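As structure tokens, the structure follows; a few thoughts come after it.
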Amino acid sequence: MSKLVLQGDHGSSMEFPLDRERITIGRKASSDIHLEDSGVSGNHAVIITLGSDSFLEDLESTNGTKVNQNNIHKCVLQDGDEISIAHFTFTFISEVLKPSAPGKTISATPRTEFAPRAHTSALDAATTMPGPASFEAAANIGKAPQSSTFETIEEAPPPSGTLGLLKITSGPGAGQTLELSRPVTTLGKPGIQVTAITLRDGQYFLGLVEGTDLPLINGGEIKSLPCQLHHRDIITIADVELEFSLR
């Protein structure tokens, strides 16, 4: 399990395990990592962890977030990175996550803890998530945008290799194609269901960032996350079907 190590005075330190998909940092008492300082915004930053990959995003804080002394909006964390928020300095320690057992999510939460599919959440009706008219780049991961369309969020380009493609096969946006040419592409509607496709060593993996229901692959529920994608897999995210292919 990866973690953040907060450097204190006189050589002391405090560790914060990244044991959930989403870890919030801020001055609000409800933050997972609470930093009581006037230079820290109430909702300052968030870390999203998918398998062994962690992504840091600044939530439009007043004083910003730095990684290795560089101001960032959103970035993939690497082992040993130094994160600076106000006068606080964290070190990111990456630890390889063991493969999750069947029936568990990325953070090893039993599948049985999820609400059953027949529930009263916003995912019940297709009308709660209109068919995608286009693949749009959203400004912030995990933050609901003004548009209610199907959204994608992407990071910096990866090394060259086999290229993955997503093609919408249902709804008004049917036929549109998205190239998965970046290390992480986040799909869905923030606040309802958000999934992420990550590229590692030329292979693509599907994970859940936000939401109670797991996405479907070829009409069946995923047994464990992250799940490797294969050529011609059909992915269903909030009632929208997309075909994954390799080129």
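Treat the numbers as computed from the prediction; the structure is a model and nothing was measured.
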Discussion item. When you compare the side chain of L180 with that of F244, does any pair of heavy atoms fall below 4.5 Å?
Written reply: yes

dist I47:CD1 -> L56:CG (nearest 0.5 Å) comes out at 5.5 Å

| Do any N or O atoms from the side chain of D32 and from the backbone of T24 form a donor-acceptor pair under 3.5 angstrom? | yes

| Heavy-atom check, side chain of F16 versus side chain of I23, under 4.5 Å | no

By side-chain contact (heavy atoms from CB on, under 4.5 Å), T89 pairs with (sequence neighbours left out) E82, S84

*In sequence, state the C-alpha distance, the side-chain angles, and the governing distance for F90 and I33, and then conclude on side-chain contact (heavy atoms from CB on, under 4.5 Å).*
CA-CA 11 Å; F90 297 87; I33 300 179; 4.0 Å; yes

Next on the checklist: Strictly distance-based, threshold 3.5 Å: is any side-chain N or O of H44 a donor or acceptor partner for the main-chain N or O of S41?
Outcome noted: yes

Judged by atom type as modelled, is there a donor-acceptor pair below 3.5 Å linking the side chain of N71 to the main-chain atoms of K66? no

In short, P17 meets K3 closest at the heavy-atom pair CA-CB, 3.9 Å

Shortest non-hydrogen pair, A196 vs V184, comes out as CB-CG2, 4.1 Å

query: Does the side chain of L4 reach to within under 4.5 Å of the side chain of L18, using non-hydrogen atoms?
result: yes

Heavy atoms of D233 and Q228 approach each other most closely as OD2-O, 4.4 Å

For the hydrophobic clusters of this structure (ILVMFWY residues joined by side-chain heavy atoms under 4.5 Å, transitively), does one cluster hold both F88 and L77?
-> yes

- Message: Does E179 form a side-chain contact (heavy atoms from CB on, under 4.5 Å) with L163? I'd like the steps, not just the answer.
- Response: CA-CA 7 Å; E179 292 186 354; L163 179 63; 3.8 Å; yes

Any donor-acceptor pair under 3.5 Å from N63 side chain to G39 backbone = yes

Step through the shown structure and confirm whether more than 12 heavy atoms of other residues, nucleotides or ligands are within 6.0 Å of CG on D201. no

Do Q78 and S94 have side-chain atoms, one donor and one acceptor, less than 3.5 Å apart?
no

Distance col, row T65:OG1 vs I83:CD1, nearest 0.5 angstrom, shows 8.5 Å

From the list T198, T195, L187, side-chain contact (heavy atoms from CB on, under 4.5 Å) with L206 holds only for T195

**Request:** Answer whether the closest heavy-atom distance between the side chains of K167 and Q176 falls below 4.5 Å.
**Result:** no

Separation between CZ (R20) and OG1 (T49), nearest 0.5 Å, reads 10.5 Å

Interatomic distance, CD1@I235 vs CG@L242, rounded to 0.5 Å, equals 6.5 Å

Is S31 reaching over with its side chain to a backbone N or O of K28, donor-acceptor style, under 3.5 angstrom? yes

D53 meets the salt bridge (Lys or Arg N to Asp or Glu O under 4.0 Å) criterion, sequence neighbours left out, with R200

d(L216 CG, I237 CD1) to nearest 0.5 Å is 9.5 Å

Check for a donor-acceptor pair, side chain of S13 on one end and backbone N or O of V5 on the other, with a separation under 3.5 Å. no

Rounded to the nearest 0.5 Å, the CD1 atom of I234 sits from the OG1 atom of T169 at a distance of 5.0 Å

Requested in this report: Indicate, with yes or no, if F205 and L165 share a hydrophobic cluster defined by side-chain heavy-atom contacts under 4.5 Å among Ile, Leu, Val, Met, Phe, Trp and Tyr.
Outcome: no

Check your understanding: Taking C-beta and beyond as the side chain, do D79 and I93 meet within less than 4.5 Å on heavy atoms?
Key -> yes

